[in-house]
Amino acid sequence: MAKKNRFLFIDLSRSKTWEEEPDGVFCRKFLGGRGWALPYLLKNQKPKTDPLSPENILVVATSVISGARGPAMPRVIVCAKSPLTGAFGESEAGGYWAPELNKAGFSAVFVLGKAPEPVYVWIKDGSVEIKKASHLWGKETGETQALIRNELDDNRARVLQIGPAGENGVLYANIVNELAHFNGRNGLGAVMGSKHLKALVVRGTKEVPVSKPERVKEINAWTATEGLKKPAGELLRRHGTLPLVRAFQEMGVLPTRNWTRSIFWGGEKISAENLHETIYIESKGCFACPIRCKRRAEVNTDKYQVDPRFGGPEFETVGALGSILEIADPYLLAKANELCNRYALDTISLGMTVGWLMEAVERGLVTPEECDGLDVRFGNGDVLIPLIKKIVNRQGIGEKMAMGSKRLAREMGLEEEEFLMEVKGQEVPLHDPRAKTGVGLGYALADYGADHLVGPHDTVFASADGPGIKEASGLGIFQAVDPLSLGPEKVRLFYYMDLYWRLIDMLGFCTFGFVPRGPIPLEMMVDLVRAITGWPVSLWELLKAGERTIHLARIFNMREGLSVKDDRLPARFFKDFEEGALRGKGGINKEQFEKAREMRYGMMGWDPETGRPLPERLYELDLGEFVDEL
Amino acid sequence: MSGHSVRIKIRDWRGTEERMPPEMEMPSGTGLGDFLETLPLAGGPGYYTILLNGRPAERKITLQDGDEITILPLSVGG
Ligand code: SF4
């Protein structure tokens with residue numbers, strides 16, 4: 001017997017809750033995550049809704065498979081209109097919250113309105129209570145979790161919460177569960193804060209029914225043994241994402257000094273090897289996942305103490321706060337990461353916003369007085385912690401920095417300057433699209449702004465004997481594709497991988513678990529869905545579900561006024577590298593990029609000039625009910 | 001060194017438990033691709049980023065005495 005999916009609705013303005021059971025066709029057609037959020041938002045939220053108003057609906061979703069004890073499937077997906085981008089917003093987190101919600105009897109929570117005063121919601125085995133949280137408002141995440149568990153007298157209550165950054169409306173505030181698993185991007189913590197919602201706390205004691213539990217068990221056992229012997233599995237288990245620091249540094253593509261350089265003089269100090277020597281104490285995992293790729297850091301020096309409950313910096317954080325700012329002190333990076341986690345603040349947007357300011361000061365475009373007298377320059381780690389505190393508390397320069405780099409630049413009258421590194425208002429992650437053009441297409445075309453988990457990571461498909469072709473050929477990718485090309489074969493690769501990653505996200509799977517990024521093969525992924533739901537699904541059917549959501553998100557964004565001009569890349573990526581193995585290649589060719597973008601619109605069945613979905617494509621995807629939204 | 005062989009330096013950054021020797025001797029005229037096939041690389045050479053003297057190189061290139069090969073994990077993302 002498979003589980004029944006139940007949706008919980010919470011209207012904070014009226015202090016009311018109710019349940020709905022979506023029909024089976026809806027569940028199978030849209031699967032979960034953004035698949036459940038987008039139809040609801042399109043039908044129930046007016047275009048141009050202020051993202052920080054009570055009318056912005058927050059969806060905290062899992063999926064039709066969540067709660068089963070499979071490998072790499074712990075994710076909770078949060079969606080809402082993003083205050084950072086003004087577009088559809090989405091962010092996924094691992095941890096333990098999503099399975100617990102399912103054990104408590106629900107598959108998704110839809111939060112409407114705004115509470116008159118701070119509250120948290122306590123969901124236990126099907127019962128729901130809205131509880132006062134004024135005493136928790138202003139508290140850091142660690143203290144909040146401890147107080148809530150104490151108050152509920154339940155040490156196993158799973159707390160998904162915002163920190164002071166979300167309460168104070170920082171536009172890149174995030175949401176955290178278990179203190180170390182983040183819905184990191186798009187500023188969705190600020191949406192939660194605007195609703196006076198401090199936390200969603202869940203506890204479930206019932207096992208989630210699964211159609212074929214033995215098959216799920218088998219796949220988990222395979223992952224724990226054979227999967228961990230595969231290169232991707234072993235690497236993740238031993239080092240998480242951190243080996244990328246050295247890989248990028250050796251290639252000369254490590255984003256450094258706000259992307260003006262690509263080799264960091266302090267690269268060795270922030271390498272996986274040195275971070276394991278200095279700050280990491282152990283690896284950790286997520287619910288039922290044998291890969292255990294997450295790290296915990298602990299520091300006890302005279303200058304810094306870092307509490308391991310808050311996890312440890314992964315590659316993106318090490319790059320954003322390390323090489324981008326030219327800070328090579330592992331202890332400081334661990335402390336800054338811990339503070340961001342205490343305040344629930346996205347480290348990528350933080351690093352890029354500070355990096356922009358450092359470059360503006362060094363170019364003489366912003367004065368030290370405008371930075372509250374702080375000596376803001378690359379390499380000066382002493383300013384990092386004071387800046388984090390100013391941003392979270394929106395004091396002095398922190399008031400402008402809390403709005404992200406694009407608005408900061410606009411406030412300073414410098415928006416046109418070429419050193420602003422964002423797309424749709426969201427700061428770019430740490431993968432240089434000049435070395436991986438498919439990642440560049442992802443930055444430009446992702447519906448929720450620059451993101452590195454959208455398209456292909458091109459090096460995986462660079463040779464016929466690489467994991468992309470050998471292990472993901474079931475997606476229809478049979479030949480190697482040059483990482484630097486932007487021809488039709490790259491656009492097709494992007495198109496297919498985009499469908500695939502959207503599917504992985506909406507099912508609450510973790511991207512690190514599955515080929516070509518992780519060890520679990522495509523067939524096992526499909527088998528997991530079959531074994532859990534009991535539906536005889538095919539890969540084709542599942543990819544179609546992923547594709548539906550790309551079209552729905554496009555409709556959502558067009559209603560918000562976004563257009564082709566928002567599907568772009570920062571100017572710096574069209575210039576050559578200053579150093580490293582790829583110097584002389586000339587950066588991304590703008591004309592080729594624009595042609596590739598047009599071709600992708602065409603492949604999607606969108607108008608090649610306007611990027612507008614065409615009705616016939618929507619009918620083909622069984623989305624006819626959304627044609628009028630265009 | 002014998003006249004019929006070349007010494008190749010290896011920098012192994014795969015992050016695996018098993019480590020490559022820092023240097024290997026190969027018959028002169030060995031191509032990069034053939035050399036990589038002799039290494040115990042789980043999955044095969046395509047599962048790694050390979051640099052020859054710090055730069056990407058064609059697998060058919062002939063190795064020279066003193067060449068340095070760097071083996072890195074693929075930049076998959078994360
Ligand atoms: S692969 Fe890592 S991040 Fe993903 S579910 Fe497993 S432990 Fe969590």
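Ion pairing between a basic and an acidic side chain is recognised when a charged N comes within 4.0 Å of a carboxylate O; R7(B) and E25(B) show such pairing.
Residue contact with chain B, scored on non-hydrogen atoms closer than 4.5 Å, involves the backbone and the side chain of R246(A) alike. In this structure, the portions of T16(B) lying under 4.5 Å from any heavy atom of chain A include both its backbone and its side chain. Only the side chain of E234(A) comes within contact range of chain B, with at least one heavy atom under 4.5 Å from a heavy atom of that chain. When heavy atoms are compared at a cutoff of 4.5 Å, R11(B) approaches chain A solely by way of its side chain, counted from C-beta outward.
When P483(A), G468(A), P467(A) are compared by the number of non-hydrogen pairs under 4.5 Å with chain B, P467(A) comes out ahead. Of the listed residues (P231(A), S463(A), P429(A)), the greatest number of heavy-atom pairs within a distance under 4.5 Å of chain B belongs to P231(A). In terms of heavy-atom pairs under 4.5 Å with chain B, the best-connected choice from K229(A), K470(A), R238(A), M251(A) is R238(A).
Within a 6.0 Å sphere centred on CD of E579(A), heavy atoms belonging to other residues, nucleotides or ligands number more than 12. Residue-environment remark: CD (E58(B)) stays at or below the threshold of 12 foreign heavy atoms within 6.0 Å.
The aromatic rings of H452(A) and H431(A) lie parallel to each other, with less than 30° between the two planes, well short of the 60° mark.
Between the side chain of K294(A) and the backbone N or O of G240(A), no donor-acceptor pair lies under 3.5 Å.
A search for ring-ring contact (aromatic ring centres under 6.0 Å, His included) contacts involving F577(A) returns nothing, not counting sequence neighbours.
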